[in-house]
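The first residue of the sequence shown is numbered 1, and numbering continues consecutively from there.
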Amino acid sequence: MKLTIIHTNDLHSHFENFTRAASWIRTNKTEHTLVLDGGDFADFKSIELQGTRGIAAIELLESVGYDAITIGNNETFNGVDTLEHMAGRSTVPFISNNLLKKDQTKIDGVFRSTIIEKNGLRILITGSSPDLGVFNDGLGVSISSYKEAAEEELKRNQGNYDICILLSHIGTEEDEKLAEEINGIDIIISAHDHQLYKEAKIVNGTIMNSAGCYGEHIGFLELEASEEKIELLRSGTIATDNLPSDEETVRLLKENKDRAVVVLSRPLYPLEKPLWHDVIEENPISNLIADGLKDMLQGDIGIINSGIVNAGAFDYLSNKKLVEICPSPLNPTTFEIQGKYIKQALEESLDAQVCMADGRGPGFRGKYAGKLHVSGAKIVHNGKKIVEMYIGDRPLDEEAWYTVASSDYLQRGSGYPSLANNRNDQYRPEEIRDVIRMYADKPEFIDRAVDKRWRETANVSVTL
């Protein structure tokens with residue numbers, strides 16, 4: 001029989017593009033079509049998702065007629081409770097063969113695999129989620145070996161299916177290894193590393209395809225499939241930029257955005273003082289985050305880059321404002337690092353070109369890297385070099401190891417590579433915007449946020 005697979009991956013909540021992808025999918029799917037997603041469909045930078053706990057994404061998948069989705073890293077970034085809320089309410093199966101709660105129990109609504117029948121052909125669909133390493137515990141999940149989990153699913157379902165599709169959110173390189181090492185996977189829909197294939201690859205008899213990212217393309221495979229064999233007839237990716245928008249998808253997005261805005265716009269509390277923001281100049285909202293991180297994580301010093309925030313907050317805070325001003329799903333993080341690397345990063349932060357550099361990095365949703373802001377430290381500089389620096393009431397010791405309270409963005413060395421020279425990193429499940437929420441209603445922290453930690457001078461000692 002003829003079997004067509006239409007697939008998307010790594011949408012990251014670029015819903016405007018998805019409205020166009022949805023129109024093509026609706027027009028081209030038939031009774032012989034499977035519609036699949038390779039994960040990271042739901043990115044919680046989206047107002048629609050924040051205000052509905054992800055249900056807006058479920059309504060889109062259901063409306064367009066998806067048959068299955070695997071769980072990427074972004075579906076877990078709001079924690080296991082939100083993932084259960086989404087998966088447990090979805091008629092589209094959420095598939096992952098290697099994802100459990102951190103106590104090794106099942107995540108409600110998540111299936112290791114599903115079998116879909118098309119004209120008598122039994123199609124096993126399973127999925128692989130990426131291992132986020134030290135982030136797993138903070139997110140409340142446990143992720144096992146995707147190779148062992150895939151092999152186990154093939155064995156567990158032996159005799160019950162005719163062809164196997166793996167929705168894989170682990171990247172092309174690892175997918176090619178799976179194709180080489182595991183017999184029995186007929187098709188891999190590849191995701192996670194945002195690769196755009198011009199046409200499908202065949203590795204050790206396994207057909208692989210990937211549709212890039214952000215809904216800019218839709219992937220398709222046209223196959224001749226039977227119990228005995230599967231033959232690739234045609235494959236490729238379709239650009240969505242010139243496609244018309246799907247009216248039903250546009251309507252659902254508007255309804256969910258309106259609903260989300262109402263929920264998220266409710267004021268949390270008034271602000272006693274304005275928390276203005278600047279990319280280059282020392283500013284109170286970035287100082288507040290640094291102070292909150294130091295207090296929350298009990299570090300020797302707090303460090304955050306002002307680019308984590310896109311704007312200031314005035315008059316009051318709401319969840320909508322928090323998403324708008326701090327959209328990056330980055331986590332409070334501690335790590336140990338020597339004083340010389342802290343000093344190097346802080347000196348680089350004196351250069352406006354470094355502050356204004358593109359801040360791109362995993363999880364970063366801002367534009368610029370931004371100036372480094374500190375808590376628990378006093379810095380004297382001459383515009384180019386640090387003249388004196390104190391951590392607490394002691395001069396910085398360049399060879400000593402300090403515990404830094406920061407973000408996973410800086411821990412990886414994004415924006416400031418010297419900070420990657422660290423050890424013993426630990427992560428919290430909260431996000432940086434939660435630090436603002438927790439500390440912006442504390443008068444002592446609001447008052448302290450306006451205190452200058454950087455002083456420019458030619459030659460003077462620090463006054464503590």
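- Inspection of the D175 and S168 side chains reveals an N or O donor paired with an N or O acceptor under 3.5 Å.
- In this structure, the side chains of P327 and N310 come closer than 4.5 Å at one or more pairs of heavy atoms.
- Checked against a 6.0 Å centroid threshold, the rings of Y409 and F364 count as neighbours.
- No side-chain heavy atom of Y368 sits under 4.5 Å from any side-chain heavy atom of I280.
- Under the side chain to side chain donor-acceptor pair (under 3.5 Å) criterion, E248 pairs with R251, not counting sequence neighbours.
- Salt bridge status for R156 with E153: present, with a side-chain N to carboxylate O gap under 4.0 Å.
- Taking the side chain as every heavy atom from C-beta outward, I163 and L3 approach each other to under 4.5 Å.
- Nearest heavy-atom pair across I308 and I304 is CG2-CG1, 3.9 Å.
- Counting heavy atoms of neighbouring residues, nucleotides and ligands inside a 6.0 Å radius, atom CD of E199 does not exceed 12 of them.
- Side-chain contact between N283 and V309 is absent, with no heavy atoms from C-beta onward closer than 4.5 Å.
- At a threshold of 4.5 Å between non-hydrogen side-chain atoms, the residues H32 and T4 do not count as touching.
- Ion pair K155/E152 not flagged as a salt bridge, since none of the NZ, NE, NH1 or NH2 atoms sits closer than 4.0 Å to an Asp/Glu carboxylate oxygen.
- D103 and K101 are not joined by a salt bridge, as no carboxylate oxygen comes within less than 4.0 angstrom of a charged side-chain nitrogen.
- Contact record, I55 with H85: CG1-NE2, 3.7 Å, taken as the closest heavy-atom pair.
- What you find for N98 and S145 is that their closest heavy atoms are CB-O, 4.3 Å.
- Relative ring orientation between Y214 and H14 is described as parallel, the plane-to-plane angle staying below 30° on a 0-90° scale split at 30° and 60°.
- Across all their heavy atoms, F111 and P93 have their closest contact at CD1-CB, 4.3 Å.
- Applying the side chain to side chain contact (heavy atoms under 4.5 Å, CB included) test between L99 and each of D131, T70, I71 identifies I71 as the sole match.
- Taking the side chain as every heavy atom from C-beta outward, I47 and K320 approach each other to under 4.5 Å.
- Side-chain contact between D162 and S226: absent, with no pair of heavy atoms (C-beta onward) separated by less than 4.5 Å.
- Looking only at atom types and distance, the side chain of N9 has no donor-acceptor partner in the side chain of H169 under 3.5 Å away.
- Across all non-hydrogen atoms, the minimal contact from G215 to N17 is O-CB, 3.5 Å.
- Closest approach of L271 to A440, counting heavy atoms only: CD2-O, 3.7 Å.
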Problem set entry | Worked verdict on S13 versus D43 for side chain to side chain donor-acceptor pair (under 3.5 Å) | CA-CA 5 Å; S13 294; D43 187 322; 5.3 Å; no

